[in-house]
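A quick write-up on the structure given underneath.
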Amino acid sequence: MTISRTLVLSLLCSLALHAAAQNNSGIIRGSLKDAVSKQVLPLATVTVFTAKDTTIITYRLSDASGNFKVPGIPLDRDCRVLVSFSGYKVYRKNFTLSKENPLLDMGTIFLVNDPQSLDEVIVYAERPPVVVRKDTIEFNASAFKTLPGALLEDLLKKLPGLEIDGEGNILVKGKTVNKLLVDGKEFFGSDPQIATKNLPADIVDKVQVMNDQEEIRRNPHLPESKIGQVINIKLKKAIKQGWFGKAYAGGGTDSRHEAGAILNAFRDTVQVSVLGYTNNVNRPGFGVSDIQKLGGFDRSGFNSMMITNEGGFSINDISLGGTGQGLQRSTGGGVNFNDQFGEKLTLNLQYFYGQINSKLSNLSNQQRFFQDTVLTTRSSSEFASVGINHRIGATVKWKIDSLTTLTFKPGITLAENRNASSGMSAAQETYRGKVNSSQVDSRGNSTGNNYAYNLFLDKSFKKKGRTFSVNADLSSLNNNADDYTDGMYSTYNSGTAADSLVNQLRKAGGNTLNSTVTVSYAEPLGKKLTLEVSHTIQYVKQDNGIDFFSKNRLNEKYDQYNQDLSNGVERKGWKNTSSAALVLGVKNIYIRPGINYLTAAYKNSFTKSPLVSQQFNYVYPSLNVYWGIFNVSYNAYIREPPASDLQPVIDVSNRFYQQYGNPNLKPAFTQSLTLNVYKYDPETGNSFTSYIGGDFHRNGTMRETGIDPNGIQTARPVNVNGNRYVYGNVAYNYQYKLSRDYKASIRASLFGSYNKTTLSVNGHRSGQESFDVYPSLSLNLNFKDKIELNQRYSPGYKQTAYNDRANYKNIYVRSHSTESELVIRMPKRIVWENLVNYTYNPQVAPGIRKSSVRWNAAVNYLFLKDNKGQLKLSVYDLLKQNINVFRYINENYISDTQNTTLTRYFMLTFTYNLRNFTGGKVGGQDRRMFFF
C-alpha cells in the first residue's frame, strides 16, 4: 500500500505541474531553409531570450526536415527569438505571446549563407545555447544554470543528449565518451571523470562534443552510430595551475567516527595526490571516482574493481572500505605522482595501503528438497578478520612518434589476512529428525604476493586503416594459507550420537605464472574493406599443494602429517589462438565476420596420481554486425578448469561438506550470441534500450552431490553438455520538460532470464530450469534543482523447475524492494536529504525477518566562501530496522541468510572542499604550497 500511494502521489504531482505549465506558456513554430538553394536546414538552433536583458528562456533544434517547435514560452513577456546556423547570418525577431494568442507561427524562414558572419555578429549575451558545426556540437556553458559550488559533472548533466550514470561514465546520444580534454589537452590522464568530478562549473566557457578522430583513423569503416566521442572543455581563462581536494571529520553516537583527506596539486603537467582515511561506519573513505581520479589510479590503470550495493569497493584487490558484511573499520592512505616530460613521455608512480577490520554474525537456514523429504540445516557463526594490502604501481607512456606509442605498466601487490571464527550447525530431516550437528572454532592466516606487468605497442601508418599492435601481459602470483580447525562433529542414528573430534591444520600454497602475448595487424583492401589478423600465445604454469597435519596430544602442536589427505597438482601448458576477420563498412552498416583456430595442450602432474595430458583443438567463427540502431555479435571462448578442481583428493576442511577433485575435467567451450538495440531522440532526450543474449555451453561444469543418511555431503565436479543461459532486458527512458523550471523523467525496465542446467544428487540426475523476472519502475521529478523526488519500485520473481519431479520439488521465490529519495535545497545554503529503502521477502524461513525499512536522513549547511565548508548532521537507519537478508536458490535447495549489519547512529561531519584555480602569472613568486 505504501509503495502504490507514493507512486500515485508522484504521478499526480507530475500531472499538476504539467497542467500549470501548459496554462501559463505559449509556443512558436516554423521551418528553416537556405535562401538560395531552398534546402532545409536541420539542427539549427532556435533560442528564445527575454528581450530586456537577453536571459535565455528556452531553445530547440530544428529537426531533419528543418521544422522547429519551441514550447514553454511565458505569456505577456517581451521576447526575442534568435535563429543561428553555422555559416549563415543570424535571424532575430521580437515578439510577445498572450492568453489570446499563445501560438506564433513564423512560417518559413530563409537564412542567408555567410560563412564569416556567425562568430562576428552574435554578441556574447546573445550566444545561442547550442551551435552545430559539421561533426562538432558546441554548448554555451552560461546558458545552462547550475547551483553555487557546482562541478563540471553538474553542468554536463544539464546538456541535452549527455547522460551520466551512477558511476560517472559519460554517454553522448548513446555513444561512449572516449576521453575528455581541457583546452585541447588531456587533464590528469585520459579518463573523463578526473575533470568532471573536480573542475568547478563556473570556470567553463564552452563544451565541445565531437567524433573521436583517432578511432576513425584506426577503424575507418566503423559506422557513425558506433564512433566514440571526445569532449573538449573550453575554459573562460587559461587555467594552468591550481590545487583542489577535500578534508572531512565526523563523530557520532555508539562511538561511530569518520575522517579523511585528499589533496591534489598540479602545475602544468605535474600532479601529486595524497590521501588518507579511517572510519567504522561500513563506508569507503572516498567514492570510487575520488580514488580513481583524484587518487590517480586511472592514470596508471587498474586490473580489477569490485563494487557492493552499499557503495563499498576495492581496486587492484585493495579494499577501501564497505566491501564486506557485518561491522567494519577501514583505514588507508596513499600517494600518487604524475608527470609529463616533454610531449612524448608520461610517468605515473603510486603507492597505496589499505586495511579492513571486520566482525560478522551470521544466521542461515538451508532447505534441500527430496521428493517428500526436506533436509534442513540451520547454522550460526561469529567471524572476525583483519586484511592488509600494499600496492606499488607505475605507468610509463612513450609516444615514439606521431603514429607509435609504447606503454609499460608494472605493479606489485602484497596482501595479508588474519581471521578467526566460531560456529555451530544442526541438520534434521522431515521424518528422521536430527541427523548431524557441529561446533567448530577456526583461525587462519594467509599471504598473497603478485607481480604483474603490461606492455603495449600501438602503431598506425600513413595509409589510412593500417595498424599494428603488440600486447604482452605477465602475472606471477604466490599464495600461502594456514587454516586451523578445532571442532566436534556429531552424527545421529535413532537418537544416538556418534562424536568425532577434529584438530587439524590445513596448509595450502600455490604459485601461478601466466604470460600472454597478442600480435595484431590490420590492412585495408579497399575503401570499404579491411583485413584483420591476430595471433595470441599464452603460457601458464600452476602448482597447488595441500598438506594436512593433526594435533599432537603430547606437545599440543599440529605436526602429525596426514599423508592420506595431502596432495598436490602442477599444471603446465600452452594455448595458441589465430584469428582472421574481414571488416566491411558501407554507410551505416558495419560487418565483421571472422574465423578463429585455438589449440591447447596441458600436462597435469599429481603427487599421488599418474600424469594427465590434455590436448584440445577448436575452430569457431565470430561475427559483429552494426546496422543503424542494431548490433548483433557472436563469439566463443574457452575456460580451463581451476587447478583446485583437478586434484583427485578429498578436501575435508568441513567434515559435513567434503569436496573431491576430478583430473579428467575438460575445458568448457561457450558460444555467446547477443542482440543490442539503442535508440536516442536528440530532440526530446528520450531513449530506448534493449538487449537479448544467450550463452551455450559444451563441457560445462556441474557438481555431483551425494548426501548420506547422516546428512554429510560430498561434491565432485564433472563435465556436462546442454547448459544454456538466455537473458534479456528492455528499458525506456522518457524525459519531459514541463517548463523551464519543472522536469520529469520516467524509466521503465524489465529484465528476465532463463537458465538450463543439470543437477545430480545421490545419483538422481535431472534437468533444471530457472526463470527470473525483475521489472522496475522509476519516477524522477525536479524543480529548479531545488527539489528532487526520486521513486523506484522493483518486484522480483524466480522459479526453478525440475524434469525429475519424482525426486525434486519445484521451488520459487518472490521479493519486493522500493526506494524513495527526496532532496530539498532551500532555504539558501541548506540542503535536506531523505532516503528510504524498503525490502520485503515473504518466504524466508522462520526466525529470519521478512521485511525492513531503512530510513537515512541528513541536513547540510553550506558556508564559507564559494560554499567550501559543509556541516552535515545525519542519521543512519532512523527506525532501527536495518537488516541484511538474502534468499538464494541453487540446485534443489533454498538458502536464507541473515547477517549482522550497521544500525541506527547519528553523526555530525564537517567537510572542507578545497578548489583553487588561477591563470598564469608573469613575474613575482607563487607562495602557495605545492608538493613539488
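Thr674 has its side chain out of reach of Ile692: every pair of non-hydrogen atoms, C-beta onward, lies at least 4.5 Å apart. Side-chain contact between Val207 and Ile231 is present, with at least one heavy-atom pair separated by less than 4.5 Å. Inter-residue side-chain proximity for Leu180 and Ile233 is flagged as met; some heavy-atom pair is nearer than 4.5 Å. Val773 has its side chain within reach of Leu750: a pair of non-hydrogen atoms, C-beta onward, lies under 4.5 Å apart. Side-chain contact between Leu871 and Phe863 is present, with heavy atoms from C-beta onward closer than 4.5 Å. Residues Val831 and Val823 are in side-chain contact: their nearest non-hydrogen atoms beyond the backbone lie under 4.5 Å apart. Counting heavy atoms from C-beta on, the side chains of Phe49 and Cys79 never come closer than 4.5 Å. Proximity of Lys206 to Phe139: side-chain heavy atoms (C-beta onward) are nowhere separated by under 4.5 Å.
Each of Thr911, Asn860, Thr909 was scored for a side chain to side chain donor-acceptor pair (under 3.5 Å) with Gln870, with one residue passing: Asn860. When each of Leu103, Leu97, Val81 is paired with Ile73, the side chain to side chain contact (heavy atoms under 4.5 Å, CB included) condition holds for Leu97 and for no other. When each of Asn782, Asn790, Asn780 is checked for a side chain to side chain donor-acceptor pair (under 3.5 Å) with Ser745, only Asn780 meets the rule.
Between Tyr876 and Tyr905, the angle of the ring planes stays under 30°, which puts this pair in the parallel group of the 30/60° scheme. Note on ring orientation: taking the six-membered ring where Trp is involved, the planes of His816 and Tyr793 are parallel (angle under 30°, cut-offs 30° and 60°).
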Candidate pair Ile787 and Leu822, rule side chain to side chain contact (heavy atoms under 4.5 Å, CB included), full reasoning:
CA-CA 7 Å; Ile787 301 178; Leu822 176 64; 4.2 Å; yes
Please step through side chain to side chain contact (heavy atoms under 4.5 Å, CB included) for the pair Lys234 and Val204, ending with a clear verdict.
CA-CA 6 Å; Lys234 300 285 290 185; Val204 178; over 6 Å; no
Show, in sequence, the C-alpha distance, side-chain angles and deciding distance for Ile28 and Val48, and conclude whether the side chain to side chain contact (heavy atoms under 4.5 Å, CB included) test is met.
CA-CA 10 Å; Ile28 64 171; Val48 178; 3.9 Å; yes
Report the C-alpha separation of Gln229 and Asp212 in whole Å, then their side-chain angles, then the decisive distance to 0.1 Å, and conclude whether the side-chain hydrogen bond (donor to acceptor under 3.5 Å, both in side chains) test is met.
CA-CA 5 Å; Gln229 301 293 284; Asp212 188 340; over 6 Å; no
Start with the C-alpha distance between Lys872 and Glu833, add both sets of side-chain angles, then the distance that settles salt bridge (charged side-chain N to carboxylate O under 4.0 Å, His left out), and finish with yes or no.
CA-CA 10 Å; Lys872 181 176 184 177; Glu833 300 176 69; 3.7 Å; yes
Go through the steps for Lys868 and Tyr912 under the test side chain to side chain contact (heavy atoms under 4.5 Å, CB included), then give the verdict.
CA-CA 6 Å; Lys868 291 182 178 179; Tyr912 183 75; 3.8 Å; yes
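Looking at every heavy atom in both residues, Pro71 comes nearest to Thr58 through O-CG2, 3.7 Å. Taking every heavy atom of both residues into account, Ile57 and Gly72 meet most closely at CG2-O, 4.1 Å. Looking at every heavy atom in both residues, Tyr840 comes nearest to Ser851 through CD1-CB, 3.7 Å. Nearest heavy-atom pair, Leu777 versus Ala748, reported as atom, atom and distance to 0.1 Å: CD1-CB, 4.1 Å. Between Asp877 and Leu902, the shortest heavy-atom distance links the atoms OD2-O, 4.5 Å. The shortest non-hydrogen separation linking Phe910 to Gly869 is CE1-CA, 4.3 Å.
Panel note: side chain Trp832, backbone Met826; a donor-acceptor pair is recorded below 3.5 Å. With hydrogens and angles disregarded, no donor-acceptor distance shorter than 3.5 Å links the side chain of Asn631 to the backbone of Tyr626. With hydrogens and angles disregarded, no donor-acceptor distance shorter than 3.5 Å links the side chain of Ser794 to the backbone of Ser817. Using a distance-only test at 3.5 Å, with no hydrogens or angles considered, a donor-acceptor pair links the side chain of Ser62 to the main chain of Leu43.
For the atom pair OG1 (Thr50) and CZ (Arg80), the distance works out to 10.0 Å, reported to the nearest 0.5 Å. The CD atom of Glu258 lies 6.0 Å from the OH atom of Tyr248; values are rounded to the nearest 0.5 Å. Put simply, CD1 on Ile629 and CZ on Phe688 are 8.0 Å apart, with the number rounded to the nearest 0.5 Å. Between atom CZ of residue Arg854 and atom CZ of residue Arg904 there is a gap of 15.0 Å, rounded to the nearest 0.5 Å. Distance check, rounded to the nearest 0.5 Å: OG of Ser753 to OH of Tyr727 gives 11.0 Å. A distance of 12.5 Å separates OH of Tyr691 from CG of Leu675, quoted to the nearest 0.5 Å.
Checking Glu819 against Asn837 by side-chain atom types alone, a donor-acceptor pair falls below 3.5 Å. A side-chain donor-acceptor contact under 3.5 Å links Asn733 and Ser687. A donor atom on one side chain and an acceptor atom on the other are not found under 3.5 Å apart for Ser778 and Gln791.
The existence of a salt bridge linking Arg792 and Glu821 is excluded, since no basic side-chain nitrogen approaches an acidic carboxylate oxygen closer than 4.0 Å.
Applying the 6.0 Å contact sphere to CZ of Arg29 captures no more than 12 heavy atoms from other residues, nucleotides or ligands. Remark: Tyr797 OH is packed, more than 12 non-hydrogen atoms of other residues, nucleotides or ligands lying under 6.0 Å away.
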